[in-house]
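In what follows, chains carry the letters A, B, and so on, assigned in the order in which the sequence lines appear, proteins first and then strands, with residues in each chain numbered from 1.
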Amino acid sequence: MAPVGPRSGDAIFSSIDRVNAELFTLTYGAIVRQLLTDLEDVEEVNKQLDQMGYNIGIRLIDEFLAKSGVSRCVDFKETAEMIAKVGFKMFLGVTASVSSWDAEGTCCSIILEDNPLVDFVELPDTCQGLYYCNVLSGVIRGALEMVSMKTEVTWTRDALRGDDAYELQVKLLKQVAEEYPYKDDE
Amino acid sequence: MQFFGGSEISPSPPVPTASGNNAHMMYVFNRNGVCLLYKEWNRPLHTLNPQQDHKLMFGLLFSLKSLTAKMDPINADKGNLGVPQLPGQGCSFHSFRTNTYKLSFMETPSGIKIILVTHPKTGDLRESLKYIYGLYVEYVVKNPIYTPGSPIKSEMFNTALDQYVRSIS
């Protein structure tokens, strides 16, 4: 029996278990709130959120690969499309779009019109430097690292800070090829 | 003159011992060569100690993947022999068969390699290996206690896996 082809984001999203959106938003909000209380420094909280996202990302990639059945992307353009159309749809239920490709095809922007993490959220004046959704940048970085791509993910637009949408810039630093892990003398 | 029947040159494979016990053994490796799981159902012959056995298996597959990709007559993008490739790139082999066993292999782009050794009459196990990968995601990856890159100790995973593999014909 020939292997089944990869499934679309919609198909997967409708077939897996889902959680109540408000529960998800409120839980995430509680996490950020607690981090702010514990760490007090906004930069530290940003870093922690990124680290948490990284730890999620390294596991999320296996779930993504198992459920979507995609094989390796040919180039970074395809990877970005995969993240925006299948990944975000599968895990957050929203579709993102990809734009602003640079000349070499190593840097692009993923734009989210709709972001379930930030429903009901308004940033107070005391948290002005906070990247509330920084967990997402960590997730993408962690997931791509597990498929041999070292990337840098930063926020260029954040609606909680006054912009009109959420925009992540994903920059491919390098592709790390697989090496034979055992030393010759062992 | 009397001829004794039966040829000694290629002995017939061992008949599966019990119904549903057709698998011999299974390995799961990650991209760094760490053997995450080794399960044995029916392996009468052991030649090496476990560490050497795992290294040999990993090394074999690493080389086979590289070789099969380089010998590909169809794919344009090949690179040079000896240059490491990204997991999942190029053509990928999925099984080889000898007179006594069949080895089925699956590698994900994240570097997880699943190997199942069964009796030679087994059919195409690619869907089964995908299902096993799904089990790995559900019971191992989603388990917060599990540290990625360490050997798998999950009871639930072992049970589910055992049950599934025994049901593969």
Inset, instruction - Would you indicate whether the side-chain heavy atoms of M146(A) and P148(B) approach each other to under 4.5 Å? - result: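 Counting from C-beta outward, P148(B) and M146(A) never come under 4.5 Å.
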
Inset, instruction - To the nearest 0.5 Å, tell me how far E145(A) CD sits from S110(B) OG. - result: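 So the gap between those two atoms works out to 12.5 Å.
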
Show the nearest heavy-atom pair for residues [X] and [Y], with the distance to one decimal.
| X | Y | answer |
| --- | --- | --- |
| V137(B) | D62(A) | CG2-O, 3.4 Å |
| A66(A) | G134(B) | CB-CA, 4.4 Å |
| P109(B) | S71(A) | CG-C, 4.1 Å |

Inset, instruction - Say whether L48(B) and L37(B) are linked into one hydrophobic cluster, either directly or through other cluster members, by side-chain heavy-atom distances under 4.5 angstrom. - result: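 Looking at the clustering, L37(B) is in a separate group from L48(B).
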
Inset, instruction - Please check if the side chain of R31(B) supplies one atom and the backbone of V147(A) the other of a donor-acceptor pair under 3.5 Å. - result: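 No, the answer is negative, given that no donor and acceptor are paired below the 3.5 Å cut-off.
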
Taking atom [atom1] of [X] as the centre, does the number of heavy atoms from other residues, nucleotides or ligands within less than 6.0 Å exceed 12?
| X | atom1 | result |
| --- | --- | --- |
| K142(B) | NZ | yes |
| K85(A) | NZ | yes |
| Y131(B) | OH | no |
| Q128(A) | CD | yes |
| K47(A) | NZ | no |
| R18(A) | CZ | yes |

Inset, instruction - Sort I58(A) into side chain, backbone, both or neither according to what part of it lies under 4.5 angstrom from a heavy atom of chain B. - result: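 Side chain only.
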
Side chain, backbone, both or neither: which part of [X] has an atom under 4.5 Å from a heavy atom of chain A?
| X | answer |
| --- | --- |
| N30(B) | neither |
| Y136(B) | side chain |
| E138(B) | side chain |

